[in-house]
Amino acid sequence: MRIIQSTKETVRRFTSVFDDGSDKDLSRIASDHLSSDFLWRGMYPFYEVSGPEGVVESFWLPLRKSLHSLQRREDIFFAGLNDVDGGQSTWTCSMGHFMGLFDTDFLGIPKTGRLASLRYAEFMRVDGDQILESAFFFDLIGLMQQAGVYPLPPMTGNYFVYPGPLTHDGQQVDECDPRETTKTIALVNEMIEDLRSINHLDDEPCPPDLLRRTWHEDMLWYGPSGIGATYTIPRYQKQHQFPFRMNVTEKVYNGHVARIAEGNYCGFFGWANLTNRNRGGFLGLPAAREPSDMRIVDIYRRQDDKLAENWVFIDIPHYLNQQGLDVLARLRELGST
C-alpha cells in the first residue's frame, strides 16, 4: 500500500536528520517535521508533552547531554494501519537501543563514564508529511542497572542487551505482502483474546496449552528490566507469567491506542493497556489498596502460524510510583545521605 510506504518515508526522513542534527538545531528540525500540536507520550517521569520544542527541551536535550555521542541502533521498523480505529490512522513502530557514553547524570542516575544502552520502542502517527503524535517507551530500570543502582529485588528472568529478530529482517523498508500482514494481525488478536479470557482467574495459572495455540514452544520473551527475558513456554510461565498472574488481581484490559502490523511483525501500545491491583509480592512490592495502571508495549515476530519472538516494554517506574515507590526520589535521597 502506498500510504504505508509514504508513512515510513516521512518518519525515516525525520529520524535521519534529527539523529544527525546538532543540539542547537534540534528544535528547528522537530518543528519542520512535527505538527505544531504534536503530542509526545513519554515514560515516567516525563509523561505527556505538547509541541515539538517542548519535547526537545524536556527529553531529548537532557538525554543527549547524559549519553554523549548518542546513536540510534534500530532493530525493528515497520508501519501499518491502526487496527484499533479500523484503519483510520497510520502509525510506524521502531525498536532498538540508544547508545552513548554515560558522561553526565540522567534524572539523578549516576554517570558511569562508560558506554550505556537505553532500550526503546517508539510509535509515531503520521498524516501526509507531518508526524502528529508519538509514544516513546524506554527502559529506565535497565539504565539504573547499568549504573549500579538497580532498585528492585532480583529478577525472575535475565536482563541484558537484547538482540533484534533471529531472522535479521526487522527493518521493513520495502513493501510487504498484505496477506502476510493479515495473518500476523489476526494471530496477535487471537492471542490477546485468549489472555483476556482468563483475566478473571486470579488463583489459577494459565494452562500452557492456551499459549501453545498462538506461541511457538520455544518462543523468546524479552521483558523489561525488573522482570528480564525468558525462553520457551514452560520457562516463560515459571519466570514471568505465574509470578505476575498469581500476585496481581482485579485485572482489567483497557485496550490499545495503536495496534499495527506489517509482514511478519506486529506492535501495540496502550495508555494504559492494563489495570490491576498488586496483592503483594510482584516486583517485591507489598499489597496495594488501590489498582494501578500498566503502560505496555508488545512487539511480535510471527514465524509461520505462531508467534516466535516478543519484545516487551512496561513503564515499571510509573507502576511503582502509583504504589508509593518513587525510584528516582529514593535515589536522590540515598545520594544526599
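Given the structure is predicted, the values throughout are model-derived calculations rather than measurements.
- Linking Ile, Leu, Val, Met, Phe, Trp and Tyr whenever their side-chain heavy atoms come within less than 4.5 Å puts I29 and W60 in one cluster.
- Side chain of T90 to backbone of L81: no donor-acceptor contact under 3.5 angstrom is found.
- Of the possible donor and acceptor atoms, none in the side chain of R302 sits under 3.5 Å from a partner among the backbone N and O of V188.
- Crowding of Q130 atom CD: a count of heavy atoms from other residues, nucleotides or ligands under 6.0 Å exceeding 12.
- No donor-acceptor pair under 3.5 Å is formed between the side chain of H318 and the backbone N or O of R295.
- Residue-environment remark: NZ (K306) exceeds the threshold of 12 foreign heavy atoms within 6.0 Å.
- Between the side chain of R279 and the backbone N or O of M246 there is at least one donor-acceptor pair closer than 3.5 Å.
- When each of F98, Y120, F138, Y47 is checked for a ring pair (Phe, Tyr, Trp, His ring centres under 6.0 Å) with F59, only F138 meets the rule.
- Taking the six-membered ring for Trp and thresholds of 30 and 60 degrees, F160 and Y162 have ring planes more than 60 degrees apart, a perpendicular arrangement.
- With respect to F123, the ring pair (Phe, Tyr, Trp, His ring centres under 6.0 Å) criterion is satisfied by exactly one of F269, F313, W40: F269.
- With respect to R12 and E74, a salt bridge is recorded, a charged nitrogen being found less than 4.0 Å from a carboxylate O.
- No side-chain heavy atom of F46 sits under 4.5 Å from any side-chain heavy atom of F136.
- Taking a cutoff of 4.0 Å between a charged side-chain nitrogen and a carboxylate oxygen, R330 and D326 do not qualify as a salt bridge.
- For the pair T181 (side chain) and G263 (backbone), a donor-acceptor distance under 3.5 Å is present.
- At least one side-chain heavy atom of R119 sits less than 4.5 Å from a side-chain heavy atom of Y159.
- Side-chain contact between V17 and R13: absent, with no pair of heavy atoms (C-beta onward) separated by less than 4.5 Å.
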Pair S292, N278 - check side chain to side chain donor-acceptor pair (under 3.5 Å), show working. CA-CA 8 Å; S292 299; N278 191 338; over 6 Å; no
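- Inter-residue side-chain proximity for N247 and L285 is flagged as unmet; no heavy-atom pair is nearer than 4.5 Å.
- Residue Y236 is tested with F244, F242, Y231, W215 for a ring pair (Phe, Tyr, Trp, His ring centres under 6.0 Å); the sole match is W215.
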### side chain to side chain donor-acceptor pair (under 3.5 Å) between W221 and Q241, worked out
CA-CA 11 Å; W221 189 85; Q241 191 185 47; over 6 Å; no
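- Other residues, nucleotides and ligands contribute only 12 or fewer heavy atoms inside 6.0 Å of the CD1 atom of I3.
- Residues N189 and F268 form no side-chain contact, since every pair of their non-hydrogen atoms from C-beta on lies 4.5 Å or further apart.
- Using a 4.5 Å heavy-atom cutoff, the side chains of T156 and K238 are not in contact.
- Around the CZ atom of R64, the shell of radius 6.0 Å holds more than 12 heavy atoms that belong to other residues, nucleotides or ligands.
- Linking Ile, Leu, Val, Met, Phe, Trp and Tyr whenever their side-chain heavy atoms come within less than 4.5 Å leaves V84 and F78 in two separate clusters.
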Quick one: do L328 and Y44 satisfy side-chain contact (heavy atoms from CB on, under 4.5 Å)? Show the steps, please.
CA-CA 10 Å; L328 294 182; Y44 162 97; 3.4 Å; yes
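- In this structure, S66 contributes its side chain and L63 its backbone to no donor-acceptor pair below 3.5 Å.
- Residues E133 and R41 are paired through a salt bridge, judged by an N-O separation under 4.0 Å between the basic side chain and the carboxylate.
- At a threshold of 4.5 Å between non-hydrogen side-chain atoms, the residues M144 and Y150 do not count as touching.
- Paired with L143 under the rule side-chain contact (heavy atoms from CB on, under 4.5 Å), one option of V149, T112, L118 passes, and it is L118.
- At least one donor-acceptor pair under 3.5 Å links the side chain of N82 to the backbone N or O of R259.
- Formation of a donor-acceptor pair under 3.5 Å by the Q239 side chain with backbone atoms of G157 is not found in this model.
- In this structure a side-chain-to-backbone donor-acceptor pair under 3.5 Å is present from D105 to K111.
- For the pair K8 and E175, the salt-bridge criterion is not met [side-chain N within less than 4.0 Å of a carboxylate O].
- Other residues, nucleotides and ligands contribute at most 12 non-hydrogen atoms within 6.0 Å of the CZ atom of R73.
- In this structure, the side chain of D139 engages the main chain of S225 through a donor-acceptor pair within 3.5 Å.
- Of the options T184, L166, L220, L307, a side-chain contact (heavy atoms from CB on, under 4.5 Å) to R301 is made by L166 and by none of the others.
- The side-chain heavy atoms of L195 and L211, taken from C-beta on, include a pair separated by under 4.5 Å.
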